[in-house]
K.L.:
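One structure follows; several queries about it will come next.
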Amino acid sequence: MLRFIVRRLLQVIPTLLLLSVLVFAWLRSLPGGPATAFLGDRATPESVANLERVLGLDQPIPVQYVQFLGRVVTGDFGTSTITGEPVLAEIGRALPATIELSIAALVLAVALGIPLGYLAARKRGGPLDVSTVIGTLVGVAVPVFFLGYILKAVFAVELGLFPPSGRQSVAVDATNVTGFAVLDGLLTREFDASLDALSHLVLPAVALATIPLAVITRITRASVLEVLNADFVRTANSKGLTPGTVRGRHVLRNALLPVSTTIGLQVGLLLAGAVLTERVFVWGGIGTLLADAITLRDYPRLQAILLLGALVYVLVNLLVDLSYAIIDPRVRLS
């Protein structure tokens, strides 16, 4: 198992290096530039050239990349051209909001998707199966931002059950410890603040979880149907094993292999969907930083956020590989 983990960790290094090259090259190929976006209407050829010289953008691309890579290795992602603050500090303030939202959405998708997919497969052709298939098709087809506005209009504006935007109410005086609003309220025993943060989290988490929920449900259903028809399941039934043993140890465990891969892939979609969800619900996380950075061509912030997303995606896939090795020990030999 240790050799398997080390081998997977060594594969992460060239992957991240290649991603850094692609991100750097893509950003430099975009039209315009941070100097022009920053100066706006005041931009003149002379002022743009002066600002590019200050930012180091007048040097050859390979030199810029080597300097960028050297700074990244030391933990320096540069300074934002919008605010003048260190990019890492900006990300550190915004990251807990996005993590909190993404975890809530992923937990919701997994907690509902796997049982729904399993029950739909068990009751194939029945009302539950048909309604599940139709529901997953609708869930995949509806855009996140559109669903977000619908949820706000119905449950926040019309019914008044949940707050329409933000992470916490202005009237709540909460103590910031970790940046995770719900967790901070529990740690400081400010349970009113924790409940308030949780109420703000419900609508954006539901909107963000819709597509992963639909995908996980469909993959679970298809995987369980495939395993139910496998020879080893028929053998287990013929031996007289209890239905609970067959379903838990033979059906569900083997069906979880493709489901775990799907859950890992959904993390990337959650990060992408968080950009739209945060804009709709004024969440103030990484998605907001990314949208502003794209608009104003903030290269340092864009590079840091994209590399952070790539790192998270690669690490999640590493965890998926490890879960494969735990669920199916034969994977460790490959």
Side-chain angles (χ1 to χ4, degrees), residues 12-13 15-38 55-57 61 64-106 144-145 148 167 178-181 204 208 212 264-319:
V12 170
I13 298 174
T15 302
L16 291 177
L17 188 61
L18 177 60
L19 286 172
S20 70
V21 173
L22 293 176
V23 168
F24 192 88
W26 173 70
L27 289 176
R28 293 309 185 277
S29 66
L30 293 176
T36 304
F38 181 79
L55 298 175
L57 299 175
I61 298 297
Q64 293 184 43
Y65 175 73
V66 172
Q67 293 176 347
F68 163 72
L69 198 60
R71 292 193 302 268
V72 168
V73 172
T74 61
D76 180 13
F77 285 87
T79 303
S80 170
T81 58
I82 300 174
T83 62
E85 294 185 47
V87 171
L88 209 56
E90 291 185 334
I91 292 177
R93 288 194 300 267
L95 188 59
T98 300
I99 292 178
E100 188 174 51
L101 176 58
S102 299
I103 289 178
L106 187 61
V144 173
F145 70 92
R167 296 185 66 197
T178 64
F180 299 93
L208 186 58
L265 294 174
Q266 295 311 302
V267 172
L269 293 177
L270 286 174
L271 293 175
V275 177
L276 297 174
T277 307
E278 289 181 8
R279 300 294 280 187
V280 172
F281 291 96
V282 196
W283 194 250
I286 294 295
T288 303
L289 287 182
L290 181 60
D292 293 340
I294 293 173
T295 303
L296 297 175
R297 299 290 195 275
D298 190 342
Y299 282 180
R301 186 189 287 182
L302 272 172
Q303 289 169 166
I305 293 176
L306 292 177
L307 285 178
L308 174 66
L311 176 62
V312 171
Y313 199 75
V314 169
L315 291 179
V316 168
N317 277 275
L318 175 62
L319 293 177

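Only this structure's heavy atoms are used, side chains among them; waters, hydrogens and symmetry mates stay out.
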K.L.:
How close do Phe77 and Ala304 get, counting heavy atoms only, and between which atoms?
P.N.:
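Where Phe77 meets Ala304 most closely, the heavy atoms are CD2-CB, 3.7 Å.
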K.L.:
First locate atom OG1 of Thr79, then atom CZ of Arg71, and finally report the distance between them rounded to the nearest 0.5 Å.
P.N.:
9.0 Å
K.L.:
Under the side-chain contact (heavy atoms from CB on, under 4.5 Å) test against Leu101, which residue among Ile286, Leu270, Thr277 passes?
P.N.:
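In the set Ile286, Leu270, Thr277, the residue that makes a side-chain contact (heavy atoms from CB on, under 4.5 Å) with Leu101 is Thr277.
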K.L.:
Within the structure provided, determine whether Phe68 and Leu307 are in side-chain contact (heavy-atom separation under 4.5 Å).
P.N.:
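Side chain of Phe68 against side chain of Leu307, heavy atoms only: contact under 4.5 Å found.
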K.L.:
Any side-chain heavy-atom pair from Leu208 and Leu106 closer than 4.5 angstrom?
P.N.:
no
K.L.:
In Å, rounded to the nearest 0.5 Å, how long is the span from CD1 of Ile99 to CZ of Phe180?
P.N.:
4.5 Å
K.L.:
Under the criterion side-chain contact (heavy atoms from CB on, under 4.5 Å), which of Leu17, Thr15, Val21 is the partner of Leu19?
P.N.:
Thr15
K.L.:
Is it the case that Thr98 and Glu278 place a side-chain donor and acceptor less than 3.5 Å from each other?
P.N.:
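Note: Thr98 and Glu278 side chains meet the donor-acceptor criterion.
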K.L.:
Between Arg167 and Gly179, what is the shortest heavy-atom contact and its length?
P.N.:
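Scanning both residues, the minimum pair turns out to be NH2-O, 3.0 Å.
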K.L.:
Considering non-hydrogen atoms only, spot the tightest contact between Leu88 and Gly75 and give its length.
P.N.:
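Scanning both residues completely, I find the closest heavy atoms to be CD2-O, 3.4 Å.
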K.L.:
Is there a side-chain contact (heavy atoms from CB on, under 4.5 Å) between Ile91 and Arg301? Walk through the geometry before answering.
P.N.:
CA-CA 8 Å; Ile91 292 177; Arg301 186 189 287 182; 5.6 Å; no
K.L.:
Please report the shortest heavy-atom distance between Leu69 and Ser20, naming the atom on each side.
P.N.:
CD1-OG, 4.2 Å
K.L.:
With a 4.5 Å cut-off on side-chain heavy atoms, are Asp292 and Thr288 touching?
P.N.:
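When only atoms from C-beta onward are counted, Asp292 and Thr288 do touch, with a gap below 4.5 Å.
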K.L.:
Return the CD1 to CG distance between Ile294 and Leu289, rounded to the nearest 0.5 Å.
P.N.:
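One gets 11.0 Å once the value is rounded to the nearest 0.5 Å.
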K.L.:
Taking all heavy atoms of Phe24 and all of Tyr65, pick out the closest pair and write down the distance.
P.N.:
CZ-N, 3.4 Å
K.L.:
To check you understand the geometry: which heavy-atom pair defines the closest contact between Ala181 and Glu100, and what is its length?
P.N.:
N-OE2, 3.2 Å
K.L.:
Within this structure, what is the CG-CG distance for the pair Leu290 and Leu306, rounded to the nearest 0.5 Å?
P.N.:
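One finds 6.0 Å between CG of Leu290 and CG of Leu306.
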